[in-house]
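Right, one structure below, let's go through it.
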Number of protein chains: 2
Amino acid sequence: MAKQTGSIEPIHRRTLHGEVLPRLRDMIIEGVLEAGTRINETELCLKLGVSRTPLREAIKTLAGEGLIELVMSKGAVVRRFTRRDVANMLEVIKLFEIFAAKAACANATDAEIKAVALLHKAMVQEYKKRNRLGYYKLNQDIHSELVRLGGNPEIADLHSMIQARLKRIRYLGNQESTKWAGALAEHEEMMKALATRNGNALAEVMGRHMDQTLLRVSDTL
Amino acid sequence: MAKQTGSIEPIHRRTLHGEVLPRLRDMIIEGVLEAGTRINETELCLKLGVSRTPLREAIKTLAGEGLIELVMSKGAVVRRFTRRDVANMLEVIKLFEIFAAKAACANATDAEIKAVALLHKAMVQEYKKRNRLGYYKLNQDIHSELVRLGGNPEIADLHSMIQARLKRIRYLGNQESTKWAGALAEHEEMMKALATRNGNALAEVMGRHMDQTLLRVSDTL
DNA sequence: ACATAGAGTGCTGTATACAGTAATAACCGT
DNA sequence: ACGGTTATTACTGTATACAGCACTCTATGT
């Protein structure tokens, strides 16, 4: 290495560059920063223990992801989603998943399909344990994986971006057991269609599943 | 006002905040910064006449838009698109436009449909003048407007984001007259379907149009 | 001659300091 | 007392300065 600065102390502070971005994102998703909150930069800097420069850069990135809104010479605001916004985003998700469903049935390997089935089994376990968080996480993973198997990374990226936006909403949504059971039943159907590589059937179920998801979510708003 | 600093000189420099972002975006789209170029921040600062801080913020935003790639502790690189990337992006556009086609035919007002027809007429004029740039711009406008009429702003935003990425590619693409004529013919079909509010027909044509666009573009890569 | 260690250079990532602007509170005139 | 105007404050936007890492080019040992 170069530039022995004389001091022996090696690396006393883990800089680890992109640390603020995920932290801030989590704060928004988990609701630590409520929707509609005007972000005070200096204040947040103290909380995060970083300077304004990296924080502002993270804010710009999150604005690109649609989690934050930038108001000219007035700063950043945690984006607030209307019922309509959520419906629109779920519509996009639906488009992606229907497309991916067909493509995945056509192109995915047997191993990949098996991996999704395993995720599903794990999710069922979480359901039986009535562990909402674990269930939710695996649910997301299954949908993400299915879209990934569609073979179009652009779609996968956009899909996960919108999923991230919805995370905050769905995190809070306390669905009753009946609805929860319905969602699980749809997932069972999906797995059957995927196992038999019936693309049209899978697309149909996933479309229906997303429509139902909208209904399930929309009365929690 | 407050804080009279003593000096009388009022405002000698137009700060105008978000000036760098659109300028940098144009530089990428117009190919001033070639794909694959590693961006040297200090160098670009001199060219743009701003400091590194706002430039870096603009870079973060453009990374969110997918025009720039961020490499950890190595800086920013103007994103290079493979043939596959372009195909994938056009696939997304196709999804959006097919969806919007149906929705637009169902929900758009007569005035809105008429406005699209006017854009089309203007585009035909540009075609007759063999004015590629004018044609291209109106072409984009028509597609954007159709998607907007679909009534889902999320889709419209994502659509225009991807269109922006493709701009750089399509800018350069020098299609021969035969292919150009083909594209125009498809647009004529689209206008007929839209005028009669035949959603399925419009969706079919637009899907075909995007497939053809992929073919037309892909041999210019 | 080639591989390897070391110094040097250049660029990114971060922090701090300054300038300008919008919102708010105080003050004055009517 | 109330509307308008002025001063204060607080926060955003920008610039500059510093620290650390990564790469390259050179020099030396085997």
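No experiment lies behind these values; they were computed from the predicted model shown. Residue numbers start from 1 in every chain, and the chains themselves are labelled A, B, ... in the order their sequence lines are given, proteins ahead of strands.
Ring geometry for B:His187 versus B:His120: interplanar angle under 30°, hence parallel rather than tilted (30 to 60°). Below 30°, between 30° and 60°, or above 60°: for A:His143 and A:His209 the angle between ring planes is below 30°, a parallel geometry.
You'll find a donor-acceptor pair under 3.5 Å spanning the side chain of B:Thr53 and the base of D:dT16, going by distance alone.
Within the 4.0 angstrom heavy-atom criterion, no nucleotide atom of any strand lies near A:Leu55. Counting non-hydrogen atoms under 4.0 angstrom, B:Leu70 reaches nothing in the nucleic acid.
Remark: P of C:dT12 and CD1 of B:Ile39 are 9 Å apart, rounded to the nearest angstrom. Between B:Ile59 atom CD1 and C:dT14 atom P there is a gap of 14 Å when expressed in whole angstrom units. Between the CG atom of A:Asn40 and the P atom of C:dA23 there is a distance of 15 Å, given to the nearest Å. Computed from coordinates, the B:Glu41 CD to D:dT14 P distance equals 16 Å when rounded to whole Å. When rounded to the nearest whole Å, the span between CD of B:Glu57 and P of C:dT12 equals 16 Å. Residue A:Leu21 contributes atom CG, which lies 14 Å from atom C1' of C:dG13 at whole-angstrom precision.
Looking only at distances, no side-chain donor or acceptor of A:Glu97 sits under 3.5 Å from a matching main-chain atom of A:Lys94.
Each of A:Pro54 and B:Ala76 was assigned the nucleotide of DNA chain C with the nearest heavy atom; the assignment lying further toward the 5' end belongs to B:Ala76.
Comparing D:dC11, C:dG13, D:dA15 by their nearest atom to the side chain of B:Arg52 picks out C:dG13. Closest to the side chain of A:Thr42, from the set C:dT14, D:dT12, D:dA15, is D:dT12.
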inquiry  = Run A:Asn40 and A:Thr42 through side chain to side chain donor-acceptor pair (under 3.5 Å) and show every step you take.
reply    = CA-CA 6 Å; A:Asn40 186 328; A:Thr42 48; 2.9 Å; yes
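The shortest distance between the side-chain N/O atoms of A:Arg56 and the OP1/OP2 oxygens of D:dG13 is below 4.0 Å.
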